[in-house]
Q: 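Supplied in structure tokens, the structure appears directly below.
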Amino acid sequence: MSSPVSYELEGNIGVISVDSPPVNALSHAVRQGLLEAITTAQSDASEAIVIICAGRTFIAGADITEFGKPMQSPWLPELLDTIEASSKLVVAAIHGTALGGGFETALAAHYRCALPSAKVGFPEVKLGLLPGAGGTQRTPRLAGVQAALDLITSGAPISAGLAEKAGLIDKMIDGDLREAAIGWAGELIADGAPIRRSSEQVVPEHEATLFDEYRAGLARRTRGQIAPANIVSAVEAAATLPFEEGMAVERKLFMECMDSSQSAGMRHIFFAERQASKIDGLAKETPKRAVASVGIIGGGTMGGGIAMSFANAGIPVTMIEISDEALQRGLSIIERNYAGSVKRGKLSEEKAAACRALISGSVDYAALADVDLVVEAVFEDPDLKKKIFGWLDTVCKPGAILATNTSYQDVDEIAAATSRPEDVIGMHFFSPAHIMKLLEVVRGEKTADDVLATVMALAKKIRKVAVVSGVCYGFIGNRMLRPYAKTAQLLLLEGASPQQVDSAMEAWGMAMGPMRVFDLAGLDIGYTARKALSDEQKGDPKSYRVPDLLVEAGRLGQKSGAGFYAYDDNRRPSPDPAVDEMIATAAADLGVERREVSDEEIVERLISSLVDEGHKILDEGIAQRSSDIDIVYIYGYGFPASRGGPMFYADQQ
Ligand code: 3H9
């Protein structure tokens, strides 16, 4: 088999090229090829060496598919030591994304050049890991301790320009990277530039208290995660120990992360996220419809957030409301959201203005005559939704995709209100829609393949993680939430307090405990929905008696200042004895004997309720695969990524 790494002499420069699609990951074959090439270059006519990559990117990291298996020699740290030890000057030429082990390879070179469009960084923390091939030791030597900590603990890549300012890139290249890198290597030799090994640089001075302060700040943000804390220790080792000893510390801390269940969960999510975009039975070459403009029905919080998601990706949006007043209200919320993003430094003023300019409004459905996609985002009234789809059928051009953002309703019934059910699909966004990454794509019985393929591709364009769901009440996420919510109510009646349930779940890793979620969403929504149901449909009163009592006492959740908790003016919750009393009364009425409930029982019963429903969803074919369910819970419901999602967690148990 031919090697994915080739080596050739171009004049007096040895050029090592890595060509291992799709992202030039450092598989065993790539590591072996790099070792052979660098070894060859030591004894040939070359005077300097350039490492460059073919395809869309420089090396994007270690090969994650090899993790968890026995590592084959050469190990990456050894290979990079060999590159750094080269007796001939080594230049790394970066395009695309030099990430993780890829950026570590570049740092083992003696000089680095990059295209302005390139990005560099260490995403390892998002896999529950730390850079394990010298990244924690070489980065602080070149960029200083603070910059190294920021780059490695955030996991977010930075532009080549910023990396140049930080001292991690030496030269920016305009034009042809290969030609320019070879030219620059030649100039470095001609100028007698020294072989500059990162490991031999001295870590710049820093405040003695920096590490402890950093640890304290991180601990608050990354509750219980091993990798961020280990990163700080590894960088501290770089600042206090000789290079070889620092490398040994990095190795030990890396292996601790690699062997943790947290990293196993996060690595599962990495592949699950990519798997979710693949649809069983749908050919890769399924044609896609062009989506150059979008209409949104409804300018509320949801409609506004959806409009921003499209505008942020450069797609013009027409928002429809029932009156000028409602439209202006909707547009001004969008205005405020953009202003907030600018204030928080998330968006430049120019970018915000450009996005805002892409959103226009109308009170006339005729404004949707030419759009390629419509997303209906009005409140959950099935009759109203069907009426709207009837209107869309008469107004929209043939081939326009008609999507509903319903959270629960039957997409097939909505599709049946049109003469073109094959163009109808569910696009279930999560609030706030311009921020939350999850999109449930609901495939109706008659949804055309090209409509599904188009919406999945569009999701990627608007930076959402899309998961396909079949039609059922609540689809994947909200359907699983129902037994979860019921179990939470039973736990209260049996003896747990709202704050015990929340703190047990939050300590376990959920972003927010269930009671705080209910208070945030508003208890009146479920109450109103239950009023329309028969006693039989409502099920066991134990599962809703307490929220009914709360609503009847005017406690609708955060918005009314009280729900399962009392809230102060800053919406900070505190336990309320009146709620404890209501729970005790309800338990007595319903004949539930109260007892001490342990935190372990709370976690086990709540997670089991999700997993049991997840299995039903799989059995019924509503979800394609169990990892899709994990993605829904990680990106839509605050499930901790370090647990790998409910289904992965259950399998591990
Ligand atoms: C590391 O480096 C540890 C070291 O410090 C120490 C070691 C000792 N390995 O995302 P895409 C696959 S940890 C294997 O859709 P994009 C991916 O599964 C690593 N496979 O493309 C997908 O396969 P498929 C640190 C990988 O253009 C295909 O490539 N590095 C890897 O949207 C296309 O991926 C990272 O964490 C990999 N490293 O985005 C970087 N990367 O087609 C992870 C990708 O079968 N990668 N694949 O579904 C990324 O962030 C993105 O892939 C990237 C491209 C930005 C590069």
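Note that these values count all heavy atoms, side chains included, but never hydrogens, waters or copies made by symmetry.
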Q: When you measure from the side chain of Glu213 to the backbone of Leu210, do you find a donor-acceptor pair of N or O atoms at a distance under 3.5 Å?
A: no
Q: Flag the pair Gln652 / Ser261 as yes when at least one side-chain heavy-atom distance between them is below 4.5 Å, and no otherwise.
A: no
Q: Identify the heavy atoms of Leu327 and Ser362 that sit nearest to each other, and give their distance.
A: CD2-N, 3.4 Å
Q: If I take atom CE from residue Met456 and atom CD1 from residue Ile425, how far apart are they, to the nearest 0.5 angstrom?
A: 8.5 Å
Q: Who pairs with Phe211 by ring pair (Phe, Tyr, Trp, His ring centres under 6.0 Å), at least two apart in sequence or on another chain?
A: His206
Q: When you measure from the centre of the six-membered ring of Phe270, is the NZ or CZ of Arg274 closer than 6.0 Å and no more than 45° off the axis?
A: yes
Q: Measuring from atom CE of Met427 to atom CD1 of Ile306, what distance do you get when rounded to the nearest 0.5 angstrom?
A: 8.0 Å
Q: Under 4.0 Å between a side-chain nitrogen and a carboxylate oxygen: does that hold for Glu236 and Arg215?
A: yes
Q: Decide yes or no for Asp580 and Pro498: does some side-chain heavy atom of the first lie under 4.5 Å from some side-chain heavy atom of the second?
A: yes
Q: Report, one line per pair, each donor and acceptor closer than 3.5 Å where one atom sits in a side chain of residues 633-647; sequence neighbours left out.
A:
{"residue": "Tyr633", "atom": "OH", "partner": "Gly477", "partner atom": "O", "Å": "2.7"}
{"residue": "Tyr633", "atom": "OH", "partner": "Leu481", "partner atom": "N", "Å": "3.4"}
{"residue": "Tyr635", "atom": "OH", "partner": "Glu273", "partner atom": "OE1", "Å": "2.6"}
{"residue": "Tyr637", "atom": "OH", "partner": "Asn478", "partner atom": "N", "Å": "3.0"}
{"residue": "Tyr637", "atom": "OH", "partner": "Asn478", "partner atom": "OD1", "Å": "2.8"}
{"residue": "Arg643", "atom": "NE", "partner": "Trp508", "partner atom": "O", "Å": "3.1"}
{"residue": "Arg643", "atom": "NH2", "partner": "Trp508", "partner atom": "O", "Å": "3.0"}

Q: Would you confirm whether Ser348, through its side chain, and Lys351, through its main-chain N or O, come within 3.5 Å as a donor-acceptor pair?
A: yes
Q: Return the CE to NZ distance between Met266 and Lys126, rounded to the nearest 0.5 Å.
A: 9.5 Å
Q: Tell me, yes or no, whether the heavy-atom count around Glu552 atom CD, taken from other residues, nucleotides or ligands under 6.0 Å, exceeds 12.
A: yes
Q: Quick one: list whatever passes side chain to side chain donor-acceptor pair (under 3.5 Å) with Tyr484, sequence neighbours left out.
A: none
Q: Do any N or O atoms from the side chain of Ser263 and from the backbone of Leu127 form a donor-acceptor pair under 3.5 angstrom?
A: yes
Q: Using modelled atom types only, decide if a donor and an acceptor are shared between the side chain of Asp519 and the backbone of Tyr565 within a distance under 3.5 Å.
A: yes
Q: At their closest point, which heavy atom of Gly299 faces which heavy atom of Met319, and how far apart are they?
A: CA-CE, 3.6 Å
Q: Could Asp548 and Arg545 be called an ion pair, given the rule that one side-chain N must be under 4.0 Å from one carboxylate O?
A: no
Q: Between Glu506 and Gly513 (side chain of the first, backbone of the second, donor and acceptor by atom type, cut-off under 3.5 Å), is there such a pair?
A: yes
Q: Going by side-chain contact (heavy atoms from CB on, under 4.5 Å), name the residues that satisfy it together with Pro432, two or more places apart in sequence or in a different chain.
A: His434, Ile435, Met436
Q: Measure the spacing between CG of Leu129 and SG of Cys257 and express it to the nearest 0.5 Å.
A: 6.0 Å
Q: Is the CD atom of Glu207 crowded by more than 12 outside heavy atoms at less than 6.0 Å?
A: no
Q: Checking side-chain polar atoms at under 3.5 Å, does Thr404 have a donor or acceptor matched by the opposite partner on Glu376?
A: yes
Q: Can you list the residues that meet the salt bridge (Lys or Arg N to Asp or Glu O under 4.0 Å) rule with Lys119, with sequence neighbours excluded?
A: none
Q: Test Leu439 against Val465 for side-chain contact (heavy atoms from CB on, under 4.5 Å), laying out the working first.
A: CA-CA 6 Å; Leu439 178 69; Val465 179; over 6 Å; no
Q: Looking at residues at least two apart in the chain, or sitting in another chain, which of them share a ring pair (Phe, Tyr, Trp, His ring centres under 6.0 Å) with Tyr473?
A: Tyr408
Q: Looking at Val467 and Ala276, what are the two nearest heavy atoms and their distance?
A: CG2-CB, 4.1 Å
Q: Under the side-chain hydrogen bond (donor to acceptor under 3.5 Å, both in side chains) rule, what pairs show up with a residue in residues 306-319, not counting sequence neighbours?
A: Asn312-Tyr338
Q: Could you go through the side-chain contact (heavy atoms from CB on, under 4.5 Å) check for Ile297 and Glu321 one step at a time?
A: CA-CA 7 Å; Ile297 317 270; Glu321 257 298 354; over 6 Å; no
Q: Under the salt bridge (Lys or Arg N to Asp or Glu O under 4.0 Å) test, which residues partner Asp535, sequence neighbours left out?
A: Lys538
Q: With sequence neighbours excluded, tell me which residues meet salt bridge (Lys or Arg N to Asp or Glu O under 4.0 Å) with Glu601.
A: Arg595, Arg605
Q: Sub-3.5 Å donor-acceptor pair from the side chain of Ser341 to the main-chain atoms of Asn337, do we have one?
A: yes
Q: Are Val125 and Thr153 close enough that some pair of their side-chain heavy atoms sits under 4.5 Å apart?
A: no
Q: Using the rule side chain to side chain contact (heavy atoms under 4.5 Å, CB included), only one of Leu368, Ile320, Val294, Ile388 pairs with Val374; which is it?
A: Leu368
Q: Is the side chain of Asp568 donor-acceptor paired with the backbone N or O of Arg571 at a distance under 3.5 Å, no angle test?
A: yes
Q: Tell me whether Ser332 contacts the main-chain N or O of Arg329 through its side chain, where contact means a donor paired with an acceptor under 3.5 Å.
A: yes
Q: What verdict does the side-chain contact (heavy atoms from CB on, under 4.5 Å) test give for Arg594 and Glu494, after you've listed the backbone C-alpha separation in whole Å, the side-chain angles of each residue and the deciding distance to 0.1 Å?
A: CA-CA 5 Å; Arg594 306 202 80 210; Glu494 289 174 28; over 6 Å; no
Q: If you take all heavy atoms of Leu253 and Ala234, which pair is closest and at what distance?
A: CD1-N, 3.6 Å
Q: Calculate, to the nearest 0.5 Å, the distance between atoms CD1 and CD belonging to Ile152 and Glu124 respectively.
A: 8.0 Å
Q: Looking at Pro514 and Asp502, what are the two nearest heavy atoms and their distance?
A: N-OD1, 3.1 Å
Q: Which residue pairs satisfy the ring pair (Phe, Tyr, Trp, His ring centres under 6.0 Å) criterion with at least one member in residues 540-564, sequence neighbours excluded?
A: none
Q: Short question: side chain of Arg555, backbone of Pro547 - any donor-acceptor pair under 3.5 Å?
A: no
Q: Using atom types as modelled and distance alone, determine if a side-chain donor or acceptor of Gln500 lies under 3.5 Å from a backbone N or O of Val597.
A: yes
Q: Taking only residues two or more places apart in sequence or in another chain, which ones pass side-chain contact (heavy atoms from CB on, under 4.5 Å) with Ala166?
A: Ala143, Leu168
Q: Looking just at side-chain N and O atoms, do Asp630 and His268 make a donor-acceptor pair shorter than 3.5 Å?
A: yes
Q: Looking only at side chains, do Gln409 and Glu380 share a donor and an acceptor under 3.5 Å apart?
A: yes
Q: Would you check, one step at a time, whether the test side-chain contact (heavy atoms from CB on, under 4.5 Å) holds for Asp576 with Tyr567?
A: CA-CA 9 Å; Asp576 190 338; Tyr567 291 89; over 6 Å; no
Q: In Å, rounded to the nearest 0.5 Å, how long is the span from CG of Asp524 to CG of Leu550?
A: 11.5 Å
Q: Using every non-hydrogen atom in the two residues, find where Pro140 and Pro204 come nearest and quote the distance to one decimal.
A: O-CD, 3.3 Å
Q: State which residues pass salt bridge (Lys or Arg N to Asp or Glu O under 4.0 Å) with Glu613; sequence neighbours excluded, sorted by chain then number.
A: Arg479, Lys616
